[in-house]
Number of protein chains: 2
Amino acid sequence: MRRVTIHDVAGKAGVSAAAVSHAFNDPERLRATTVERILVAARDLGYAPNPHARALHSRRVGVLGVLFPQPIATVFANPFFASFLAGIGTVTDEQGIGLLTVTPLRGSLEHAIASAPVDGFVIIGLDERHGEVAPLRKRGVPFVIVDGDAQTASSVNVDDESGAYAAADLLLERGHRDVLVLTFETPQEHLDNPRYGVGGRRLRGYRRAFADRSLRLRSERLIPTPVTLHGGDEAFSAAWEGGTRPTAVLAVSDIIAMGALRAARRLGVRVPEDLEVIGFDDIPLAAASQPPLSTVHQPIPEKGRVAIRLLIRELDEGGPRERIVLPTDLVLRESTKGGSESGSKRSLTRAAENLAAS
Amino acid sequence: MRRVTIHDVAGKAGVSAAAVSHAFNDPERLRATTVERILVAARDLGYAPNPHARALHSRRVGVLGVLFPQPIATVFANPFFASFLAGIGTVTDEQGIGLLTVTPLRGSLEHAIASAPVDGFVIIGLDERHGEVAPLRKRGVPFVIVDGDAQTASSVNVDDESGAYAAADLLLERGHRDVLVLTFETPQEHLDNPRYGVGGRRLRGYRRAFADRSLRLRSERLIPTPVTLHGGDEAFSAAWEGGTRPTAVLAVSDIIAMGALRAARRLGVRVPEDLEVIGFDDIPLAAASQPPLSTVHQPIPEKGRVAIRLLIRELDEGGPRERIVLPTDLVLRESTKGGSESGSKRSLTRAAENLAAS
DNA sequence: AACCTTTCATGAAAGGTTTCAGGCGCGAGT
DNA sequence: ACTCGCGCCTGAAACCTTTCATGAAAGGTT
């Protein structure tokens, strides 16, 4: 069964193929009656312009890719990414752009990137000098890096270090001296190098808060934890059963924190009376947890919106590279004592403001 | 800046364009040394085959679309869809297939469908005879319908009615006579017609349980509710403040049920002592809510997996149409009295089993 | 009636790849 | 001596659309 092409429509309407193309793309150039005739023929035949042929010619498909270094199932299981994608989606929907989630195919990110029919990428959690990203530059495919460092591309980050500092500082200020820190399961060298992603920057913030009071964050209090409810639960209960009796928990991610909350409840540890807990991210669920989670807020959907706008701008006008850092903000709820005052909202930079405006 | 093409590589490697093509697609046909030479040239130039040109010729892009009738932000905010997409993703990742989420662009689903560069669609929550879906058939684009009726395409559904029946039956069996039913905000005619989607079928199950005990589900106990935490919260508190004092709640969705749970806690209504609550879907969060939510389990990721496998099979072999119905299962947790026994797992049909097998 | 402008429509080329049907050179079979 | 088959590679066509330059017809002016 051959697919119906522009020529079939042309034949049926008694015009040339070019005329059919015009009827769809620039109807002004044709007489109204002709356009009508063509459109009717097209509908009868069930014709729709072939997106590939169109893309081949115009060098645009109208689809942007969001690149994740982990399997797609992991991505969708993570509320952080859901929120991020939702932010991106608000922009693409209204601009008439499609969204392709690009994840390693059969384990190969390289293959996934090469075969993705997109006009550009938003890359999250992967550094520009990562082996799979570099070829994009060479091929002239534009991209924007989120939560990572970039020299030759625009990037969108969040002030992880300040946020982490604020969280740790609050706990230390309140006199906590035995703080359990639940970190990402990232290789040590990445955690130590702030250029390598969020994990390192957040940890650095915690450490600086300790250092500023001449304290030290002892490495046996640092527990690498899978970013799942179960991971956080497990990590906290294991520590507890190992005899550790922390009076506070700092988690680099809300999911992990919520897992710890669950474990604490099960173990009969009262939050916040016996244990204060602060997460990171402020995912939508954080406010709905039991008890509502104090956390470092970052504007997740904005991050997505800013990134995709930057990408679209680069695509449309070849706009200048920008390096944007969005503010973080300590939000106190009920997993810390003294209820729900919130940190001060710092103002966005001018550039970020324009891009964040809906 | 011209993009590097197959001809550039051919020139550099001193072979024809066809040879380059073979080097990538069917290396066996070329001498090993030639392949090597071509690949080196390609890497030096930063060449990657243009996906559009390739798709134009082969009539395959290696991307499948998942079609949602609502804005993308809504989709990603909904844990049900996240879980569904995760299920689909496990299959596409391992098969090397890309995933495009297709949602109305600038409000036009028709435009979104027409311009999506995909080989086929999984369509969720939209009926086959919907105006936007019909043209696909004509254009020969294969699709599979999920949570909807289909005559000319394969479909994957869940036994909504039995699940709903089981939930309502349990509550009535326990003597509840004042049950609040939180439904979707679907037009009445859709709710009444079981062919029109899940809402209608679930409601029908509830109703049948009432009818079987010669009771009637009074329409003022039926409250249309937005599918959000807030929606469920609002709906329950509004009813309570209006003087209604139900002893049980049936919600057509877990999110709604969890909203009701939250409202109940705020109003000082004890669950399950004063109020028993049963949701629908069994999203991952349901087990983690406070208290853990009793609900009608449906195999969400399996639904995605089965649907996408059906689609892939149709694409590859033009396999036969199938109409699959997966089982639902009442799962009792702590939002109902008497703890956590669970209903019997009914077995899948043979066809569904093959497709669900990971 | 000749000429000029507009308006509407077309043919052909371009965009980058894959595939089909050979071509080339050479040794083996007849 | 001729053909065939083999291994390796290539030219050209096909995939479907858009756009550029151009042509034809229609309508108006002198």
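The chains referred to below are lettered A, B, ... by the order of the sequence lines, with proteins before strands, and numbering in each begins at 1. Bear in mind that the values here come from a model prediction, so they are computed numbers and not experimental data. In what follows, every heavy atom counts, from backbone to side chain, and hydrogens, waters and symmetry copies are set aside.
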Novice: Respond yes when some side-chain nitrogen or oxygen of Arg29(B) is under 4.0 Å from OP1 or OP2 of dC8(D), and no when none is.
Specialist: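 False: Arg29(B) side-chain N/O out of range (4.0 Å or more) of dC8(D) OP1/OP2.
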
Novice: Is the shortest side-chain N to carboxylate O distance from Asp147(B) to Lys303(B) below 4.0 Å?
Specialist: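 Yes, Asp147(B) and Lys303(B) are salt-bridged.
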
Novice: Can you figure out which of dG15(C), dT17(D), dC16(D) approaches the side chain of Arg59(B) most closely?
Specialist: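 So the nucleotide nearest the side chain must be dC16(D).
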
Novice: Nearest-Å distance, CZ (Arg139(B)) to C1' (dC16(D))?
Specialist: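 About 14 Å, once rounded to whole Å.
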
Novice: Roughly how many Å is it from CD1 in Ile6(B) to P in dA12(D), rounded to a whole number?
Specialist: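 Going from Ile6(B) (CD1) to dA12(D) (P), I get 16 Å.
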
Novice: Do the side-chain N or O atoms of Ser16(A) get closer than 4.0 angstrom to the phosphate oxygens (OP1, OP2) of dT10(C)?
Specialist: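 Ser16(A) to dT10(C) OP1/OP2: side-chain N or O found under 4.0 Å.
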
Novice: Base, sugar-phosphate alone, or nothing: which one does Val15(A) contact when heavy atoms must sit under 4.0 Å apart?
Specialist: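 Here Val15(A) touches the backbone only, sparing every base.
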
Novice: Please figure out whether Ala17(A) or Ala19(B) has its closest DNA chain D nucleotide nearer the 5' end.
Specialist: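 The residue closer to the strand's 5' end, by nearest nucleotide, is Ala19(B).
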
Novice: Is it true that atom CZ of Arg60(B) has more than 12 heavy atoms of other residues, nucleotides or ligands lying nearer than 6.0 Å?
Specialist: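 Check passes, neighbour count above 12.
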
Novice: Round to the nearest Å and state the distance from Leu56(A) atom CG to dA14(C) atom P.
Specialist: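 Nearest whole value for this atom pair: 14 Å.
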
Novice: Please answer whether the main-chain N or O of Leu105(A) pairs with a side-chain N or O of Ser108(A) as donor and acceptor at a distance below 3.5 Å.
Specialist: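 No; zero donor-acceptor contacts below 3.5 Å.
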
Novice: Nearest heavy atom decides the nucleotide; on that basis, is Glu28(A) or Ala18(A) closer to the 5' end of DNA chain C?
Specialist: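 Checking each residue's closest nucleotide, the 5'-ward one belongs to Glu28(A).
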
Novice: Check the distance between dC16(D)'s P and Arg3(A)'s CZ and give it to me in whole angstrom.
Specialist: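 Going from Arg3(A) (CZ) to dC16(D) (P), I get 8 Å.
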
Novice: Looking across every strand, which nucleic acid part, if any, lies under 4.0 Å from Leu30(B) by heavy atom: base, sugar-phosphate, or nothing?
Specialist: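 Touches sugar-phosphate only.
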
Novice: Provide, to the nearest angstrom, the distance between the CZ atom belonging to Arg31(A) and the P atom belonging to dA25(D).
Specialist: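 Interatomic distance, CZ of Arg31(A) to P of dA25(D): 13 Å.
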
Novice: When you check the phosphate oxygens OP1 and OP2 of dT18(C), does a side-chain N or O of Asn25(B) lie under 4.0 Å from one of them?
Specialist: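 Indeed, a polar side-chain atom of Asn25(B) lies that close.
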
Novice: In terms of side-chain heavy atoms, does Thr152(A) have a donor or acceptor partner in Arg321(A) at a distance below 3.5 Å?
Specialist: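 There is no such pair (donor and acceptor under 3.5 Å, judged by atom type) between the side chains of Thr152(A) and Arg321(A).
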
Novice: Check Glu128(A) with Arg137(A), please: is the shortest side-chain N to carboxylate O separation under 4.0 Å?
Specialist: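 The answer is yes: the pair qualifies as a salt bridge.
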
Novice: Could you tell me whether the phosphate oxygens of dT17(D), OP1 or OP2, come under 4.0 Å of any side-chain nitrogen or oxygen in Ser58(A)?
Specialist: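 No, no such contact exists.
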
Novice: What contact category does Tyr47(B) fall into here, base, sugar-phosphate, or nothing, at under 4.0 angstrom with non-hydrogen atoms?
Specialist: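 Touches sugar-phosphate only.
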
Novice: Do the side-chain N and O atoms of Thr103(A) and Asp93(B) include a donor-acceptor pair separated by under 3.5 angstrom?
Specialist: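 A donor-acceptor contact under 3.5 Å links the two side chains.
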
Novice: Mind checking if His52(B) touches a base, just sugar-phosphate, or nothing, with heavy atoms under 4.0 Å?
Specialist: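 Nothing: the residue His52(B), judged by heavy atoms under 4.0 Å, touches no strand.
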
Novice: Provide, to the nearest angstrom, the distance between the CZ atom belonging to Arg60(B) and the C1' atom belonging to dC16(D).
Specialist: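 Rounded to whole Å, this separation is 19 Å.
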
Novice: Does Thr34(A) place a side-chain N or O at less than 4.0 Å from the phosphate oxygens OP1/OP2 of dA9(C)?
Specialist: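 Indeed, a polar side-chain atom of Thr34(A) lies that close.
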
Novice: OP1 or OP2 of dG16(C) less than 4.0 angstrom from a side-chain nitrogen or oxygen of Arg54(B), does that happen here?
Specialist: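 The answer is no; no side-chain N or O of Arg54(B) sits under 4.0 Å from OP1 or OP2.
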
Novice: Rounded to the nearest angstrom, tell me the gap between atom NE2 in His22(A) and atom P in dA21(D).
Specialist: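 Taking NE2 of His22(A) and P of dA21(D), I get 13 Å after rounding.
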
Novice: Send over the distance from Glu36(B) CD to dC9(D) P, rounded to a whole Å.
Specialist: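 Checked: the CD to P distance equals 14 Å.
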
Novice: Is there a Watson-Crick or G-U wobble partner for dA12(C) with both distances under 3.5 Å, and if so, which one is it?
Specialist: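 dA12(C) is paired with dT19(D).
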
